[in-house]
Structure formats: structure tokens, C-alpha cells
Amino acid sequence: MSLDKKNFETRSGVPAKETYGPEDSSATRESLGEPGQFPFTRGVQKDMYRGRFWTMRQYAGFGTAEESNQRYHYLLSQGTTGLSVAFDLPTQLGFDPDHPRSKGEVGKVGVSIATLDDMRLLFRGIDQSKVSTSMTINATASILLALYVAVAEEKGASVKELRGTVQNDVLKEYVARGNYIYPAEGTLRITTDMFAWCAENTPKWNPISISGYHIREAGSTAIQELAFTFANAIAYAEAAVKRGLSIDQFAGQLSFFFNVHSDFFEEIAKFRAARRIWARLMRERFGAKDPRSAMLRFHAQTAGSTLTAQQPQNNVARVTLQALAAVLGGTQSLHTNSLDEALALPTEASARLALRTQQIIAYESNVTQTVDPLAGSWFVESLTRELEEKTFQYLEEIDRRGGTIQCIEQGFIQNEIANSAYRDQKKIDSGDIKVVGVNCFKDENGSASVPIDILKIPPELEQAAVERLRNYKSKRSAGGTRDALRAIEEGTKSNQNIQALILQGVKAGATLGEISDALRNSFGLYQEFTNF
């Protein structure tokens, strides 16, 4: 197969020249800064991976809390250094397993967690004070954090020592994923109350992971991923400042979550540009004084949307390439997808192979010996500058249109992502973008040359979850639970901190669905704007 040499460009449409020279890069040692110093282009730590490797996470959660707990113990025994929890759709949308809308979905795409008993079982035998836990949860993040904190307290752990993240980024749900509950005003109130509560009670915990990952999975370009992620971050920061917090009070606890696609050099440049953009926003737009406020710390995950059901073994090569780009781009934390994720939840064997991919990069490749080893590359520096400039152009357009919330309500961001996804798919369909095993180098029968095992969730799991929920409710104080739920609902109408009230609620036995209902009663439901 010959190469089409016309119109070479990155996946985001940035023209790529045949060769680059000094005239293409204005970067100097002074303009780039040193690693660990503003504007952090070269990394947020002076010694980066020479000091310690990135946190190696494997996103896992399925079926019951007990099954997921077994997978966590297995991953920890294999060298995982941080846990990353996937929740099922009912948990994400604020429904207990016995709710009619939960039918057929309990435990299917993640673990079902509705009560303190579920969270106790999920972390049974795991010292929460010694492991960093990331929870991919958004609309109900405040409830899951409360359950996690309550269980840690029961074990005698110091809450101030808890390390981890709740994703808690609902703005991106409105534009890219759809797992929202409340309107923006209520969402921002819950989120900023969590910022305040964590700043005082869990200083090592990240109360949000502002996510570009799902924006990219929905079809955006790398430039749009940066622009819309930072637009959301600006909205959260502005809401927190309006709520009375100073920028340096919470900005150091903000974290980010980015995608890693296969356009190797563009992805590396994207991460370098992202650090510079955030540093400038914090210093120039928000007036942050604390250097930690300007440090962009992020988790990266290889791109699920690039995985193929056809020839799934090829996904191992894709994930390896993407993981290396994340490391060369300076990620603080990394999840590598498993080869079977285009077909089902990962098996134990495929999750182990994905983890081994990170470990081979860390221990065998020697790419960690030098900080920001591609710094000074005329191509990489040119791309870094180009991505930064185009991202700021988008941010200026969003400001001109009235800000992030206005752009969401008008459908501007949704339209931009949809148009990008459409253009990309047309290029795949035409063969302009090659996908090995899909539109080129296909097997005759269109399937994998080697059969792979698929993880299956037994249907009887749902009824077992419903029974556990009924048993849990039968043992609690009904009066105490009612009082706690009433306090949450009333607290939304005052200046009380909602996160503190939710923590009291879970300790009183309230379930995830009941607390979500109390908040629904106060804030209402978000109605998607579709007239665009």
C-alpha cells in the first residue's frame, strides 16, 4: 500500500511539513522554563520520573462490590500503584438498584454502589490511607466521596491523609457524555461546596478531575479537547471564587484528565501545551500567587475510541504507542486500556497485560531517565506553540459568546464536537485515515485471528443487589435517615455546605438514590438543549 503524500497534517488538522528547522521554533530555554518552574511546559516536577514513576492505575469495577474488591486485590498484587473505580450506570445517574430505571443495568459497565455496606465491601482489606483512589463519577461524586470518607473513618484512617480524586466534572457530561442529573446552577453549587469541604478536611484529595477524555471520545480534535476542558475549568474556578473561595485556596487541588490518541507527536505536544495554557490562565486570568495553583497535574488514559473489535490483538500496539506518548508528555497518572475493551469489560488476563505495558515502559525503555527528552525538537516545539495558540483562540470565542454555560446552552460546544466527529468518520470511511484491521489489512472473515475470552456479568447479580439494599434499609434507623435527608434538602436553600450534609446523610444510612432524590427535589432535572 503506497502512501498518499499530499496534505500531510496531524489528526487535528495542523499542517505537518516534511522537515523542520530553527525558524519553526521560537522556543528557548528561557521561554520554556525549567522543569518544575513556571510555565511548567517541561513538567510540574524538577526531576519528574527520575524521582518517582507516574501512578499506574487500572480502571476496574464490575458486578458486585465483592467481585470488584477481588479484582483490586489482584491488581495491587501485580504492581498497580493506584486504584481507579468504574461505576455502573444506575450509580452514575443517582438510582439505587431497585429503581425501575436501573433494570438491566446493575453492575454491567461498572460496580454497583448504593450504600455504606457496598463501599465497605468494595474496600475490604485495603488500607485507604496508603492507596491513591480515583473514582470516575460525576453527577453523584459528592455521595461517593462521602461513602469513601465514612468507610475510611470507620477503619481509623486519618481523613486528612486520604489521597485520590473524584472526577466530579458534570459540565462535560452536558456536551459529551450525557450522564447528568441537575441543571448547571445546582451542579456548580454541589461542586464548589465540595471544593471548600476538601480544602478544609481532605487537603491531599482532588475534588475534581476536569475531563477532556470524554470530549475527545465524543469526536473532538486535540485542540478542541484542550479548549473545551479549560473552558469548563474556567467555569468551575469562577463559580468557586463567586462562592467566596480565593483561587489559591482550591486551585492546587484541581486535577485534569486527558485522552491519549495515536498521533504520537501531537499528543506529546498537547500535554506540554496544556501545562503552559493552565499556568497562564491561573496567573493572568485569576491572579493566582501560589505556584501550586499554576501546576497542571493530570491523569491520562489511552483512547478507548481507537480500540477495534476487529483484530483486537492490534489494540496492544495502539495502547503501547499511546501510553509512551503520555509518558513523554509528562503525565502524573496513567491508565492503559485492555485489548478486549471494544468487546466487553476487561478480563483479568487482559488487565494484567495492560498493566505490564506500563511497567515495561517504566522499567525497560529508559525513557524516564531524562526529563522532557523531546524538548527543543523543532517539530515538537512548533506543534506545542500551534496547539497553545489555537486553544486560546477557542477560549476567546467562548468568552465572546458569553462563557461556557452560555455556549453549552446554545449548543455551540456540542456542535463543534459533532462536526469534528463527522469529519473524522468521513475520512475513516473514505480511507483517508487508515485504521489497521478495519479499512486496511483486513482479515478475510473480518474477525480476530486468535479467539479471546469475554467477561460476562451474570443476570442474577441484579436481584442479589436489590436484596442487599432491602436488607440494608431494614437495619437502619428510619427516623434518623429521614432527618438527614430533610437536612440535605433544606441545606440547599441556605448557605450550608452540601458536602458536609451528605456525609452526615450517608452516616445516617441514607442511600445514593435517596440523597440524589433529595437533591433532585431541590435543584430539579437538567433538560438538554436540542434546538441546534
Determine whether a donor-acceptor pair (N or O, by modelled atom type, separation under 3.5 Å) exists between the side chain of R401 and the backbone of C407. no
Report the relative orientation of the aromatic rings in Y394 and F228; use parallel for angles under 30°, tilted for 30 to 60°, perpendicular for over 60°. perpendicular
Tell me if a side-chain donor or acceptor on S77 pairs with a main-chain N or O of Y74 at a distance below 3.5 Å. yes
Residues R385 and E388 bridged, charged N to O under 4.0 Å: no
The test is side-chain contact (heavy atoms from CB on, under 4.5 Å); show your working for R272 and E381 and say whether it passes. CA-CA 9 Å; R272 300 174 82 251; E381 297 298 356; 3.0 Å; yes
side-chain hydrogen bond (donor to acceptor under 3.5 Å, both in side chains) assessment of T55 paired with Q332: CA-CA 6 Å; T55 300; Q332 278 64 66; over 6 Å; no
Do F195 and L254 pass the side-chain contact (heavy atoms from CB on, under 4.5 Å) test, and can you show the C-alpha distance, the side-chain angles, and the key distance before you say yes or no? CA-CA 9 Å; F195 287 0; L254 302 182; 3.8 Å; yes
Any donor-acceptor N or O pair under 3.5 Å, side chains T306, R318: no
Lys/Arg N to Asp/Glu carboxylate O, R285 vs D399, below 4.0 Å: yes
Report yes if some heavy atom in the side chain of V319 is under 4.5 Å from a heavy atom in the side chain of L307; otherwise report no. yes
What residue among N138, I413, I408 forms side-chain contact (heavy atoms from CB on, under 4.5 Å) with L171? I408
Say whether, by atom type as modelled, one donor and one acceptor occur between the side chain of S220 and the main chain of I215 under 3.5 angstrom. yes
Can you tell me if K17 has over 12 outside heavy atoms packed within less than 6.0 Å of its NZ? yes
Show your working on side-chain hydrogen bond (donor to acceptor under 3.5 Å, both in side chains) between Y174 and T187 and close with a plain yes or no. CA-CA 11 Å; Y174 299 144; T187 289; 3.0 Å; yes
Distance from R356 atom CZ to M56 atom CE, nearest 0.5 Å? 10.5 Å
Quick check: does any side chain N or O of N439 sit under 3.5 Å from a backbone N or O of K434, one acting as donor and the other as acceptor? no
Sub-6.0 Å ring centroid separation between Y148 and W205: yes
Could you walk me through whether I361 and F53 satisfy the side-chain contact (heavy atoms from CB on, under 4.5 Å) test, starting with their C-alpha distance in whole Å, then the side-chain angles of each, then the deciding distance to 0.1 Å, before giving a yes or no? CA-CA 10 Å; I361 292 172; F53 291 137; over 6 Å; no
Report yes if some heavy atom in the side chain of F265 is under 4.5 Å from a heavy atom in the side chain of T10; otherwise report no. no
Does a side-chain heavy-atom distance below 4.5 Å link F95 with E105? no
Please confirm whether the backbone N or O of A273 pairs with a side-chain atom of T41, one donor and one acceptor, at under 3.5 Å? no
Are side-chain N/O atoms of Q322 and S262 paired as donor and acceptor at under 3.5 Å? yes
How long is the span from the CG atom in D263 to the CD atom in E9, to the nearest 0.5 Å? 10.0 Å
Do you know the tightest heavy-atom contact between L296 and F298? CD2-CD2, 3.4 Å
Evaluate the criterion side-chain contact (heavy atoms from CB on, under 4.5 Å) for residue pair N179 and L89; output intermediate values, then yes/no. CA-CA 8 Å; N179 286 352; L89 285 174; 3.5 Å; yes
Could you check V371, D372, T370 and say which one makes a side-chain contact (heavy atoms from CB on, under 4.5 Å) with M48? V371
Once rounded to the nearest 0.5 Å, what's the spacing between atom CZ of F271 and atom CZ of F258? 7.5 Å
Taking atom types as modelled and ignoring hydrogens, do the side chains of D340 and S350 form a donor-acceptor contact shorter than 3.5 angstrom? yes
Under a 3.5 Å distance rule, please check whether R57 uses its side chain to pair with a backbone N or O of L334 as donor and acceptor. no
Taking the six-membered ring for Trp, are Y49 and W54 parallel (under 30°), tilted (30 to 60°) or perpendicular (over 60°)? perpendicular
Between OG1 of T229 and CD of Q224, what distance do you get to the nearest 0.5 Å? 10.5 Å
Side-chain donor-acceptor pair under 3.5 Å between S305 and E217, yes or no? yes
Going by side-chain contact (heavy atoms from CB on, under 4.5 Å), V85 matches just one of L122, T136, L144. Which one? L122
Look at the side chain of E462 and the backbone N and O of G104, then say whether any donor-acceptor pair between them is shorter than 3.5 Å. yes
Carefully, step by step, assess E173 and Y526 under the rule side-chain hydrogen bond (donor to acceptor under 3.5 Å, both in side chains). CA-CA 11 Å; E173 297 290 337; Y526 175 71; over 6 Å; no
Could you check if a side-chain atom of Y182 sits within less than 4.5 angstrom of a side-chain atom of V170, using non-hydrogen atoms only? no
Look at the aromatic rings of F257 and H214 and report parallel, tilted or perpendicular, splitting at 30° and 60°. perpendicular
Between Q92 (side chain) and F87 (backbone), is there a donor-acceptor pair under 3.5 Å? yes
Could you give me the CA-CA distance, side-chain angles and deciding distance for Q301 and N337, then say whether side-chain hydrogen bond (donor to acceptor under 3.5 Å, both in side chains) is met? CA-CA 7 Å; Q301 180 175 336; N337 287 337; 2.9 Å; yes
Option among L147, L512, I143 that satisfies the side-chain contact (heavy atoms from CB on, under 4.5 Å) test with I113: L147
Rounded to the nearest 0.5 Å, what's the gap from OG on S420 to CZ on R216? Could you check? 8.5 Å
Within 6.0 angstrom of R52 CZ, more than 12 heavy atoms from elsewhere: no
Give the minimum heavy-atom separation between A309 and L343, together with the two atoms involved. CB-CD2, 3.6 Å
NE2 (H261) and CZ (R11) are apart, to the nearest 0.5 Å, by 7.0 Å
Would you call E266 and K270 a salt bridge, taking side-chain N to carboxylate O under 4.0 Å as the test? no
With a 3.5 Å distance limit and no angle check, can you tell me whether T331 reaches the backbone of S333 through a side-chain donor-acceptor pair? yes
Any donor-acceptor N/O pair, D169 side chain to S211 backbone, under 3.5 Å: yes
Is any side-chain heavy atom of L328 closer than 4.5 Å to one of P373? yes
